[in-house]
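The chains referred to below are lettered A, B, ... by the order of the sequence lines, with proteins before strands, and numbering in each begins at 1.
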Protein chains: 2
Amino acid sequence: MSVGIRDVARAAGVSTATVSRALGRGPVSDAVREQVEAAVRATGYRPNLSARRLRSKAAQTIGLIVADIRNPFFTAVSRAVEDAAYAAGLRVILCNTDEDPAREALYLRLMEEERVTGVIFAPTKATADALTPDSLGFPTVFIDRSGLPGAHDSVVLDNVAAAGALVDHLAGQGFARIGGLFGSTSSTARERQAGYEAAMARHGLAPLVRAVAPNAAAAEGEAARWLAQADRPEALILSNGLILMGAVRAARTLGLTIPRDLALAGFDNEPWTDLVEPGLTVIEQPVAEIGAQAMRLLFDRIESPDQPVRKVVLSGRAVLRGSTRRG
Amino acid sequence: MSVGIRDVARAAGVSTATVSRALGRGPVSDAVREQVEAAVRATGYRPNLSARRLRSKAAQTIGLIVADIRNPFFTAVSRAVEDAAYAAGLRVILCNTDEDPAREALYLRLMEEERVTGVIFAPTKATADALTPDSLGFPTVFIDRSGLPGAHDSVVLDNVAAAGALVDHLAGQGFARIGGLFGSTSSTARERQAGYEAAMARHGLAPLVRAVAPNAAAAEGEAARWLAQADRPEALILSNGLILMGAVRAARTLGLTIPRDLALAGFDNEPWTDLVEPGLTVIEQPVAEIGAQAMRLLFDRIESPDQPVRKVVLSGRAVLRGSTRRG
DNA sequence: TATGCCTATGAAAACGTTTTCACGGTTTCC
DNA sequence: GGAAACCGTGAAAACGTTTTCATAGGCATA
């Protein structure tokens with residue numbers, strides 16, 4: 001059968017308690033510690049993490065709940081989170097919700113059952129608004145989206161400013177009929193829309209807004225319908241990388257030349273955005289920083305559960321490329 | 001304190017054993033099952049998965065060990081794996097090795113300590129060659145790369161045929177100086193290289209091969225050096241999506257027009273490959289199918305540990321685009 | 001020398017489940 | 001009508017650790 005701590009204890013000629021202490025950071029004499037380590041090597045002992053978790057009540061696990069890992073934004077953030085977690089000796093359980101509140105609820109319940117150390121969560125607007133500070137049984141940090149003000153720690157982009165910067169840039173280039181295509185499920189998309197509308201108003205321009213499910217296929221369909229109209233916009237702002245990609249596809253299909261027939265500006269400086277001619281103007285999010293900050297906030301919250309709620313707002317960086325150059 | 005199964009038992013007026021059976025699929029009368037369910041709702045009971053795992057010796061967890069989740073191939077595969085896992089009631093622990101054998105060893109040890117149900121693993125060549133069937137304490141399926149023949153279940157692409165198809169296509173278009181830039185750490189890259197060389201020989205062409213670390217930055221640097229030479233290749237085959245991206249970047253930097261100055265063909269039909277003009281010819285891998293098949297193999301192996309080793313070889317699909325059109 | 005306080009250690013309890021074993025009550029089978 | 005099989009249930013053991021509690025010895029202090 002499997003070798004347990006009792007076998008190690010027997011091999012080392014000490015008690016199981018001493019083995020446990022030698023392996024952890026308990027007080028043990030150097031001689032005994034060496035004996036134990038030798039016994040561990042000799043027996044090929046591997047601690048049973050389930051037993052350890054049960055007894056010590058420290059799951060050493062964090063949950064990472066995102067909409068879809070295939071969204072490059074979440075891919076990058078998740079990588080940062082995992083690096084930080086494993087560096088701290090924590091395991092990561094990854095969950096994809098597809099922006100479905102039912103699956104969000106399911107995974108939150110799973111996190112409770114795992115007795116996780118903490119959770120990093122990108123909730124839909126519906127779930128975020130429904131979650132009060134104490135409805136979650138574990139420390140939680142929201143990323144990308146925030147919920148009720150002051151309810152949860154969060155790290156988000158300054159979406160209003162970022163969207164405004166795109167409008168300013170386009171307006172500065174002389175575009176007037178600037179449309180906005182925004183995701184329909186996240187608070188982030190709402191904020192970007194608000195920033196867009198505020199900036200449009202500043203420039204005395206009429207907003208043109210449409211909402212769409214945040215995936216490339218839906219965005220392509222909606223953009224194609226929009227751009228086929230006679231009074232189509234001459235520039236488009238897209239609220240994330242997937243929607244941006246859909247819009248590029250739609251423009252291609254309709255034979256529109258960028259930026260002559262249509263200017264495009266979006267979010268997420270994904271590796272491909274500078275490869276599609278003439279280069280796509282985007283807001284770059286500090287993805288690694290977002291993941292790292294989220295972990296920092298989570299650790300702080302775990303350490304001092306009662307400290308005031310914090311919201312870290314990071315600035316995007318406008319990467320100006322050919323897609324918004326006035327023909 | 002936290003509510004446990006004892007509290008539920010007390011509330012329902014039954015023993016803990018009965019609660020356990022009612023929650024699982026043990027034999028219980030309908031009346032008692034209802035009482036228990038009511039008690040669960042009343043108490044807000046959440047089973048402690050660590051305790052459950054310890055006692056039942058079923059971790060209900062699978063490990064997914066890949067090189068880097070940011071590689072879109074792994075992103076897509078991982079999503080398929082997770083869907084299948086959660087559908088079967090299993091949790092997924094995700095690990096990134098960055099193709100580092102030391103981290104591979106670290107994560108394999110972690111998997112032992114977790115007593116995982118099974119592992120899906122994309123090993124480096126070094127690790128794959130060192131792993132005998134019984135050196136792993138849990139069922140394992142290799143993806144993307146295979147190890148010693150007959151040692152582990154695996155699901156891989158027919159890399160030789162796929163690389164050959166690219167060569168055939170390029171040669172058919174009249175290209176002669178066809179170079180190959182391959183990753184240096186995976187068996188997959190070796191196979192693609194072998195397929196390339198065999199096909200080149202078939203066509204009576206001299207192979208031109210370089211190896212590079214499998215990431216976009218390294219590939220860009222190596223491609224730039226290569227393409228700056230006077231006797232540079234007139235076509236390039238790239239062994240994965242990251243290397244393909246690096247090559248595109250290098251061509252851009254050097255001002256080479258595709259395909260007039262340089263034809264490109266690669267692997268991985270990532271969403272952006274049809275957006276960069278004039279469209280990149282690639283081998284599309286059935287990513288979702290790879291993930292799903294890996295889970296199927298894993299389940300089969302868990303069910304019957306002693307069945308013969310299986311290797312599922314899937315075919316790629318050549319997606320021909322403008323990047324390989326003879327000028 | 002006696003007292004008290006640390007330190008390293010072992011015995012045993014505890015963590016929250018599932019599983020084994022036993023048992024009484026029905027039903028089924030000859 | 002008795003034996004055998006079956007069913008639902010409870011008491012208690014078991015899973016593999018960590019932690020608590022107790023203790024023996026060493027060392028400093030009075």
Exercise for the section: Give a yes or no answer on whether the side chain of A:Arg103 reaches the backbone of A:Asn96 with a donor-acceptor pair at less than 3.5 Å. Expected result: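 Such a contact is found between A:Arg103 side chain and A:Asn96 backbone.
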Practice task
Report the residue (B:Ala51 or B:Thr16) whose heavy-atom-nearest nucleotide on DNA chain D is the more 5′ of the two.
Solution key: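 Going by which nucleotide is closer to the 5' end, it is B:Thr16.
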Handout entry: Residue whose nearest DNA chain D nucleotide is more 5′ - A:Ile5 or B:Arg21
Key =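 Result of the comparison: B:Arg21.
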Would you indicate which nucleotide in [options] comes nearest to any side-chain atom of [X]?
{"X": "B:Pro27", "options": "D:dG8, C:dC15, C:dT9", "value": "D:dG8"}
{"X": "A:Val14", "options": "C:dT17, C:dG10, D:dT18", "value": "C:dG10"}
{"X": "A:Ala17", "options": "C:dT9, C:dG16, C:dA12", "value": "C:dA12"}

Find the distance [X]:[atom1] to [N]:[atom2] and express it as a whole number of Å.
{"X": "B:Arg25", "N": "D:dC7", "atom1": "CZ", "atom2": "P", "value": "16 Å"}
{"X": "B:Gln60", "N": "C:dT18", "atom1": "CD", "atom2": "C1'", "value": "13 Å"}
{"X": "B:Arg33", "N": "D:dG8", "atom1": "CZ", "atom2": "C1'", "value": "12 Å"}
{"X": "B:Leu23", "N": "C:dG16", "atom1": "CG", "atom2": "C1'", "value": "13 Å"}
{"X": "A:Glu114", "N": "C:dC15", "atom1": "CD", "atom2": "C1'", "value": "16 Å"}
{"X": "B:Arg6", "N": "D:dA13", "atom1": "CZ", "atom2": "P", "value": "13 Å"}
{"X": "A:Arg53", "N": "D:dC15", "atom1": "CZ", "atom2": "P", "value": "20 Å"}

Practice task
Please lay out, stage by stage, how B:Asn48 and B:Arg46 fare under the test side chain to side chain contact (heavy atoms under 4.5 Å, CB included).
Solution key: CA-CA 6 Å; B:Asn48 181 318; B:Arg46 294 276 178 275; over 6 Å; no
Practice task
Would you mind classifying the nucleic acid contact of A:Ser56 as base, sugar-phosphate or nothing, using non-hydrogen atoms under 4.0 angstrom?
Solution key: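 Since only primed, P, OP1 and OP2 atoms lie under 4.0 Å of A:Ser56, the category is sugar-phosphate.
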Exercise for the section: Just call it for A:Ser29: base, sugar-phosphate, or nothing, with non-hydrogen atoms closer than 4.0 Å on any strand. Expected result: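 Since only primed, P, OP1 and OP2 atoms lie under 4.0 Å of A:Ser29, the category is sugar-phosphate.
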Handout entry: Below 4.0 Å: OP1/OP2 of C:dG10 and any side-chain N or O of A:Thr18
Key =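 Yes, within the criterion.
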Practice task
Report yes if a side-chain nitrogen or oxygen of B:Lys57 is closer than 4.0 Å to either non-bridging phosphate oxygen (OP1 or OP2) of D:dG16; otherwise report no.
Solution key: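 True: B:Lys57 side-chain N/O within range (under 4.0 Å) of D:dG16 OP1/OP2.
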Practice task
Name the orientation class of the two ring planes belonging to B:Phe142 and B:His152 (parallel below 30°, tilted from 30 to 60°, perpendicular beyond 60°).
Solution key: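 B:Phe142 and B:His152: parallel rings.
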Exercise for the section: Quick one: list whatever passes salt bridge (Lys or Arg N to Asp or Glu O under 4.0 Å) with A:Asp144, sequence neighbours left out. Expected result: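 A:Asp144 satisfies salt bridge (Lys or Arg N to Asp or Glu O under 4.0 Å) with no residue once adjacent residues are dropped.
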Practice task
Determine whether any donor atom in the side chain of A:Arg55 lies under 3.5 Å from an acceptor atom in the base of D:dT17, or the reverse, and answer yes or no.
Solution key: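 Not at all, since no donor on one side and acceptor on the other fall under 3.5 Å apart.
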Problem - Of residues 38-47 of chain B, the positions that come close to DNA chain C - non-hydrogen atoms, cut-off under 4.0 Å - result: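 Close to the strand are B:Tyr45, B:Arg46, B:Pro47.
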Handout entry: Side chain proximity check, A:Thr61 to A:Met111, heavy atoms < 4.5 angstrom
Key =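 With C-beta onward as the side chain, the pair stays apart.
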Handout entry: Check: A:Tyr107 ring centroid to B:Tyr86 ring centroid under 6.0 Å
Key =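 Between B:Tyr86 and A:Tyr107, which both carry aromatic rings, the centre distance is below 6.0 Å.
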Handout entry: Pairs touching residues 131-143 of chain B that satisfy salt bridge (charged side-chain N to carboxylate O under 4.0 Å, His left out), sequence neighbours left out
Key =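 Passing the test, one end in residues 131-143 of chain B: no pairs.
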